[in-house]
Amino acid sequence: MTVTDSSLPPTGRASLTDDLLWRGLIQDSTGLDELRELLDGGSAATYYVGFDPTAPSLHVGHLMQVTMARRLQLAGHRPLLLVGGATGQIGDPKETAERTLNPPEVIAGWVEGIRDQLAPFVSYTGENAAQLVNNLDWTGEMSVVEFLRDVGKHFPVNKMLAREVVRARLETGISFTEFSYQLLQSNDFFELHRRHGCQLQFGGSDQWGNITAGVDYVRRRGAGPVQAFTTPLVTKSDGTKFGKTEGGAVWLDPTMTSPYAFYQFWLNVEDGEVDRYLRYFSFRTRDELEELAKATAERPAARLAQRALAEELTTLVHGADETRQAIAASQALFGRGSLDELAPETLRAALTEAGLVRLTGELPDVAGLLRDSGLVNGLKEARRVIAEGGAYVNNNRVTEVDAKVSPADLLHGRYLVLRRGKRSFAGVELGE
């Protein structure tokens, strides 16, 4: 089977399992031989991956799972994308403390938002069309007695207590609510197997205990066989959580993280990490990635790998038009393109990332703008920078130390781009 949506390009690989292993995308599995038979055996397998609505948007930490869902569909398999309308109300246990329970109506709104965000990654047409499912559809119908008899009966408490995250919480305390999360997730696998013939689940390596519990539960209910694997957790070189910046998470929602900021996140990936991230997230073939790595090594200053990664993922998440605007903004801010051609939303997002100062009333002179924006420490330094030819307004060099700006200089009637030298810039927004 093949995906018929022309927006999903062919992967051009003979063995899906071998490609996943080369990319480092399989950390644990219920058995590589069984997984290979399922994924490379010639028949379409139905698989699922779950996303709990714990925030209004997915973030880049979820990209491993959504790109994996896309990767398997491109190879001819059928995705079930589960949004946890039920499990999101419970919360998988954290090692540190009990989760805050969000109101059901808030979670319902988040479920709809996540459904929309998953749409660009898969095709909903063709023989192996993706399907969105919500575990509230079957979990919400169960009574407490049914849950305890039909599900809870199959879970030995000693095995549940052996989970690392549960052991970590035994001294400080863990509620029955979070303790029972594993049962709900395991029942999802059973219900998807029963309703849709689901044969495979995957998720992050921190979910291995829950995932294998689901495989065992399906077996205990007399169904199956089913398989599972996990992907590695993505971390940065210093071991910190992937997808976090000084401003917080990098979201997929453009109103929470602008496409420009999203593009810059990938563009600024460290040299030592970019090859790994390309293997994880890119849909280029092995030959293409190896050629890109070679070209990057020959011209490291050009950051070819980072640019390829940023362009591919921004296009995937936000579309080609937003990607073109992000690239144009990156170039224009450093004097290599026209600021006038940038959309106001893109320009503001770029200036916000650099540092945007909001001023009201009459604009000060250029020296005052340089000072107020933080590009210099004071007026004396500002005048020296101008005199030396290192000051720019909207990419135009300023040479008069007492130069002023006029309303006609404002981009979109309200913005100025200030630059000191080649690489230091900031923005000014004129308010009411």
Side-chain angles (χ1 to χ4, degrees), residues 54-64 66-67 110 113-114 116-118 120-121 234-238 240-271 273-274 277-278 280-282 303-339 341-358 373-375 394-395 411-412 414-419 423-429:
T54 57
S57 169
L58 299 176
H59 53 75
V60 296
H62 294 105
L63 274 181
M64 175 70 86
V66 292
T67 53
W110 291 350
I114 291 174
D116 293 340
Q117 286 183 341
L118 291 172
F121 295 94
V234 187
T235 58
K236 294 188 282 191
S237 57
D238 59 2
T240 58
K241 196 169 185 178
F242 176 73
K244 296 289 186 179
T245 67
E246 291 182 4
V250 178
W251 304 97
L252 304 193
D253 187 329
T255 66
M256 299 174 68
T257 297
S258 70
Y260 174 83
F262 187 87
Y263 178 85
Q264 289 294 318
F265 172 79
W266 298 105
L267 191 62
N268 291 322
V269 165
E270 297 177 10
D271 292 343
E273 299 297 325
V274 68
Y277 293 166
L278 278 165
Y280 284 171
F281 302 119
S282 174
R303 297 177 70 79
L304 298 176
Q306 281 90 341
R307 294 180 188 280
L309 180 65
E311 182 172 351
E312 182 174 354
L313 290 184
T314 307
T315 301
L316 182 61
V317 175
H318 295 297
D321 288 342
E322 291 289 356
T323 302
R324 281 192 291 269
Q325 280 281 310
I327 294 172
S330 297
Q331 295 172 342
L333 290 177
F334 294 105
R336 298 191 299 274
S338 173
L339 292 167
E341 296 177 2
L342 299 181
E345 298 83 5
T346 303
L347 178 60
R348 192 180 198 284
L351 294 178
T352 299
E353 288 296 301
L356 183 62
V357 177
R358 195 170 188 271
S373 67
L375 290 176
N394 297 345
N395 288 337
L411 299 167
H412 301 294
R414 62 188 307 160
Y415 301 109
L416 291 171
V417 177
L418 308 178
R419 182 156 52 91
R423 304 198 64 83
S424 298
F425 65 92
V428 173
E429 180 181 12

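Reckoned from all heavy atoms, side chains included, excluding hydrogens, waters and symmetry mates.
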Colleague: Grab the two heavy atoms, one from S373 and one from A426, that are nearest each other, plus how far apart they are.
Modeller: CB-CB, 3.9 Å
Colleague: Any chance you could lay out the side-chain contact (heavy atoms from CB on, under 4.5 Å) test for L63 and Y280, step after step, and finish with the verdict?
Modeller: CA-CA 9 Å; L63 274 181; Y280 284 171; over 6 Å; no
Colleague: As a quick check of understanding, evaluate side-chain contact (heavy atoms from CB on, under 4.5 Å) for R307 and L267, giving each step before the final call.
Modeller: CA-CA 6 Å; R307 294 180 188 280; L267 191 62; 3.6 Å; yes
Colleague: In terms of relative ring orientation, are Y277 and F281 parallel, tilted or perpendicular, with 30° and 60° separating the classes?
Modeller: tilted
Colleague: How long is the straight-line distance from CG of L309 back to OG1 of T314, given to the nearest 0.5 Å?
Modeller: 8.5 Å
Colleague: Within the 4.5 Å heavy-atom criterion, are V60 and W266 side-chain neighbours or not?
Modeller: yes
Colleague: Would you say that D271 contacts R303 through its side chain, given a criterion of any heavy-atom pair below 4.5 Å between the two side chains?
Modeller: yes
Colleague: Rounded to the nearest 0.5 Å, what separates atom CG in L342 from atom CZ in R348?
Modeller: 15.0 Å
Colleague: Go through the structure and list residues passing side chain to side chain donor-acceptor pair (under 3.5 Å) with E311, not counting sequence neighbours.
Modeller: none
Colleague: Rounded to the nearest 0.5 Å, what's the gap from OH on Y263 to CD on E322? Could you check?
Modeller: 13.5 Å
Colleague: For L58 and L118, run side-chain contact (heavy atoms from CB on, under 4.5 Å): C-alpha distance rounded to whole Å, both residues' side-chain angles, the deciding distance at 0.1 Å, then the answer.
Modeller: CA-CA 9 Å; L58 299 176; L118 291 172; 3.8 Å; yes
Colleague: If I take atom CG from residue L416 and atom CG from residue L347, how far apart are they, to the nearest 0.5 angstrom?
Modeller: 10.0 Å
Colleague: What donor-acceptor contacts under 3.5 angstrom involve side-chain atoms of residues 328-336, with partners at least two apart or in another chain?
Modeller:
unit_1	atom_1	unit_2	atom_2	d
S330	OG	Q264	NE2	2.7
S330	OG	A326	O	3.0

Colleague: Check the pair F425, L375 against side-chain contact (heavy atoms from CB on, under 4.5 Å), reporting the backbone distance first and the verdict last.
Modeller: CA-CA 7 Å; F425 65 92; L375 290 176; 5.6 Å; no
Colleague: Could you report the tightest heavy-atom contact between S57 and M256, atom names first, then the distance?
Modeller: CB-SD, 3.6 Å
Colleague: Would you indicate whether the side-chain heavy atoms of Q325 and P259 approach each other to under 4.5 Å?
Modeller: no
Colleague: At what distance, to the nearest 0.5 angstrom, does OG1 of T346 lie from OH of Y260?
Modeller: 10.0 Å
Colleague: With sequence neighbours left out, write down each residue that passes side chain to side chain donor-acceptor pair (under 3.5 Å) with E273, or none if nothing qualifies.
Modeller: R276
Colleague: Give me the ring orientation class for H59 and H62: parallel if the planes are under 30° apart, tilted from 30 to 60°, perpendicular past 60°.
Modeller: tilted
Colleague: Using 0.5 Å steps for rounding, measure from the CD atom of Q306 to the CG atom of L278.
Modeller: 8.0 Å
